[in-house]
Amino acid sequence: MTSVSPIPSWNPSPSRVPAATASRADTPSSPASPPSAIVAFGGPPAASSLVPSPMVWESASRDKVSEAMTKSFSSYAFGGRFSGLGAAMLGQAKLGNYNFSQAMRQPPPSTTPNVYAASSIAPGSLHGNGEDRVTLSITTKSGVEVKLALDSQGDGLAVKMTTSGDLSDAEASALGDLAKGFQEAIDGMGQSTPKIKLEGLMQFDQQVLESVKLHAEVKVRGEPESVQTLDFQADGAQRKVSFSGEAGSLDLKVDASQLNTLGSKERQAKALDSYMKQFDQAASRGHGDAGLVAMLKDSFTALHSNAAAPQVATDNPATGKWRLAAEDKSILTGLADFSASVSQTVKFSNPMRSAEKDGFNYEVSQKTEQAGASQDSRSIRQQQQSKLSASFHETLVPGVPLRLLDNTESQNYTYHQIEDTANSDAQVAYKDGKMVKASLRQEGNQSEHVMKYFLGKLESDKTTPGNYSVLRDLLPVLGPYKSGEKDMTSEARLEQRKQALLTLSDDVLLQSYAGRTISLWQADVLPEQDKAVAA
């Protein structure tokens with residue numbers, strides 16, 4: 001079988017051989033003229049006597065997809081093999097070509113021309129059997145299911161597209177509009193350090209398409225071999241992403257069913273920026289894998305896109321339980337509810353102390369509850385939480401790499417164990433149409449346990465705690481105007497209230513770490529009031 005240059009892996013290993021650059025990559029052959037690359041097998045014929053075998057095709061038809069296959073096959077890397085193919089396939093849908101199948105195989109060089117064609121090994125057998133594969137499933141609002149599949153292995157490439165029924169012009173156009181996004185998702189997984197690129201797919205037309213599902217599976221050549229996978233699903237109610245590979249795993253779910261709790265685009269952007277900073281803080285504090293954290297940030301941003309609050313306010317919104325007032329939304333982040341977790345593959349880097357491990361686990365979530373018997377007796381509560389558990393080794397000498405061996409001379413390091421939690425709880429409640437409760441509680445706890453070793457002996461063992469807690473009564477801001485403001489003009493009152501709500505909307509965002517400034521103002525709860533407000 002033709003030898004295969006290794007695919008760039010999640011964590012490149014020195015033992016892997018870089019993909020070779022073939023001359024045919026610059027000047028792709030036409031389908032009728034096979035590439036002239038020669039692969040030597042350990043047989044007796046001299047290299048000069050080998051004759052390139054012709055490319056074998058499943059179908060004699062030639063189109064943009066076949067042209068893309070010919071061009072991309074010259075690359076041995078996964079990303080190169082599928083380069084341009086995803087976009088070409090969805091581009092065919094826009095032209096009305098919904099059902100097609102094509103496959104190609106490159107036989108090994110032989111002393112006998114056309115030997116591969118006589119071997120009866122059909123290219124079509126590649127479908128569904130690739131070592132690297134990508135599938136995309138799209139369901140339209142009318143119920144038509146469209147499936148795309150790409151398969152690649154050392155000596156061949158196969159693509160297929162099928163539909164369960166006829167597509168309208170609008171549906172075909174909506175599919176074609178996803179061509180770029182589909183290709184970006186494929187190319188992201190094909191990089192030497194895989195990336196989750198789903199922004200384009202998330203922009204699917206929700207008026208025409210019901211759901212979009214993606215599955216990518218890549219074989220990592222190395223010692224030992226492994227597989228990394230990506231799964232993505234999005235529809236009108238939920239969005240999900242999961243990734244697993246050598247570095248670890250990622251899971252993210254977003255509940256897009258309660259659109260009435262969403263904020264403006266500006267509000268969502270501010271909340272996303274806050275969470276991006278928190279993810280970076282967690283990665284820095286816990287020494288998390290940069291690639292995994294980048295995947296979290298990219299997928300978190302993508303899954304929260306293409307979601308907008310309803311523009312028309314009604315008494316009974318179809319996108320949530322109640323119609324929310326500006327005061328209600330001021331205690332919300334503006335984002336859809338979600339849960340996310342990142343788990344880094346555990347490593348045991350110290351052969352002298354097997355109990356010490358290097359790991360990174362991070363979880364973050366948001367949950368919103370809407371309750372009450374009626375619009376005038378409604379209550380809204382939003383909770384945010386984060387948890388970080390990490391452990392790692394550090395060298396005693398900055399700039400000098402740590403190399404722990406099975407001898408005391410190498411045992412000079414600090415071992416860190418991190419345990420952090422943070423939560424935010426915001427609530428408002430109404431009775432007979434009047435706000436009767438509004439509060440914000442935020443808490444955070446940190447702990448870092450550090451053990452210092454020199455020549456294998458424990459020199460110090462220290463735990464550093466950190467915590468904060470804030471409880472605030474928000475009624476003075478969200479409730480009726482204060483009596484002291486009766487002499488203000490109506491314009492001044494509106495502006496003051498607008499600024500107060502903007503300030504509050506910033507303060508309700510989760511505060512991951514102690515030491516971050518929380519603004520203080522007249523509505524802050526005094527210590528002696530804590531119990532009364534909590535009740």
Side-chain angles (χ1 to χ4, degrees), residues 9-15 193 222-224 226 244-251 277-296 340-365 385-423 442-469 510-516:
S9 63
W10 169 238
N11 283 324
S13 170
S15 63
T193 298
E223 294 295 340
S226 62
S244 64
E246 288 184 301
S249 61
L250 160 71
D251 284 286
K277 292 176 180 177
Q278 292 182 51
F279 298 162
D280 287 337
Q281 288 175 333
S284 176
R285 180 165 166 82
H287 287 211
D289 181 89
L292 275 177
V293 176
M295 284 186 172
L296 171 63
S341 64
V342 172
S343 182
Q344 191 170 312
T345 301
V346 174
K347 297 180 180 179
F348 298 90
S349 59
N350 191 352
M352 287 195 68
R353 291 182 174 84
S354 59
E356 294 178 354
K357 62 182 181 180
D358 298 288
F360 177 87
N361 291 277
Y362 181 62
E363 300 175 6
V364 61
S365 64
Q385 297 179 331
S386 69
K387 180 180 180 181
L388 170 64
S389 297
S391 54
F392 54 89
H393 297 79
E394 279 194 321
T395 179
L396 293 180
V397 183
V400 177
L402 182 64
R403 189 184 180 194
L404 298 173
L405 304 174
D406 196 9
N407 58 62
T408 57
E409 289 76 11
S410 68
Q411 299 291 305
N412 306 298
Y413 65 94
T414 53
Y415 180 59
H416 302 247
Q417 294 173 295
I418 306 290
E419 293 291 340
D420 295 347
T421 60
N423 64 76
Q442 292 183 325
E443 298 176 326
N445 294 281
Q446 290 178 289
S447 176
E448 181 176 17
H449 181 203
V450 182
M451 293 181 287
K452 179 181 178 181
Y453 288 90
F454 183 70
L455 294 177
K457 294 183 179 180
L458 181 64
E459 287 199 336
S460 65
D461 188 335
K462 183 180 180 180
T463 299
T464 303
N467 59 77
Y468 70 88
S469 178
L510 184 65
Q511 310 292 320
S512 288
Y513 297 104
R516 291 188 62 184

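Considering every non-hydrogen atom in both Gly456 and Arg353, the closest pair reads O-NH2, 2.7 Å. Leu458 and Met451 get closest at one heavy-atom pair: CD1-CB, 3.8 Å. Here the closest non-hydrogen pair linking Phe279 and Val293 is O-CG1, 4.1 Å. Of all heavy-atom pairs between Tyr415 and Ala355, the closest is OH-O, 4.5 Å. In terms of heavy atoms, Ser386 sits closest to Tyr362 at CB-OH, 4.2 Å. Minimum heavy-atom separation, Gly286 to Phe360: O-CD1, 3.5 Å.
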Under the side chain to side chain contact (heavy atoms under 4.5 Å, CB included) rule, what do Thr464 and Val450 come out as? Steps first, then yes or no, please.
CA-CA 8 Å; Thr464 303; Val450 182; over 6 Å; no
For Glu246 and Thr345, run side chain to side chain contact (heavy atoms under 4.5 Å, CB included): C-alpha distance rounded to whole Å, both residues' side-chain angles, the deciding distance at 0.1 Å, then the answer.
CA-CA 7 Å; Glu246 288 184 301; Thr345 301; 6.0 Å; no
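Here side chain to side chain donor-acceptor pair (under 3.5 Å) pairs that include residues 454-463, with residues two or more places apart or in two chains, are His449-Asp461.
When side chains are defined from C-beta on, Lys387 does not count as touching Asp420, because their heavy atoms never get closer than 4.5 Å. Side-chain contact between Glu448 and Gln417 is absent, with no heavy atoms from C-beta onward closer than 4.5 Å. Under the 4.5 Å side-chain criterion, counting only non-hydrogen atoms from C-beta, Asn361 is not in contact with Val342. Side-chain contact between Pro465 and Ser447 is absent, with no heavy atoms from C-beta onward closer than 4.5 Å.
Without hydrogens or angle criteria, Arg285 side chain to Ile418 main chain gives no donor-acceptor distance under 3.5 Å. Remark: side-chain polar atoms of Ser391 are paired, donor with acceptor, to backbone N or O of Lys357 under 3.5 angstrom. Formation of a donor-acceptor pair under 3.5 Å by the Thr414 side chain with backbone atoms of Lys452 is not found in this model.
The structure places CD of Gln278 at 7.5 Å from CD of Gln511, a figure rounded to the nearest 0.5 Å. To the nearest 0.5 angstrom, Glu363 atom CD is 10.5 Å from Asp251 atom CG.
Tyr468 and Asn445 share no donor-acceptor pair across their side chains, judged by distance under 3.5 Å alone.
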Listed pairs under 3.5 Å, donor-acceptor, residues 393-409 side chains, sequence neighbours left out:
unit_1, atom_1, unit_2, atom_2, d
His393, ND1, Ser349, OG, 3.4
His393, ND1, Asp358, OD1, 2.9
His393, ND1, Asp358, OD2, 3.4
His393, NE2, Glu356, OE1, 2.8
Glu394, OE1, His416, NE2, 3.2
Glu394, OE2, His287, NE2, 3.4
Thr395, OG1, Val397, N, 3.2
Thr395, OG1, Val397, O, 3.4
Thr395, OG1, Val400, O, 3.2
Asn407, OD1, Glu409, N, 3.3
Asn407, OD1, Ser410, N, 3.0
Asn407, OD1, Ser410, OG, 3.4

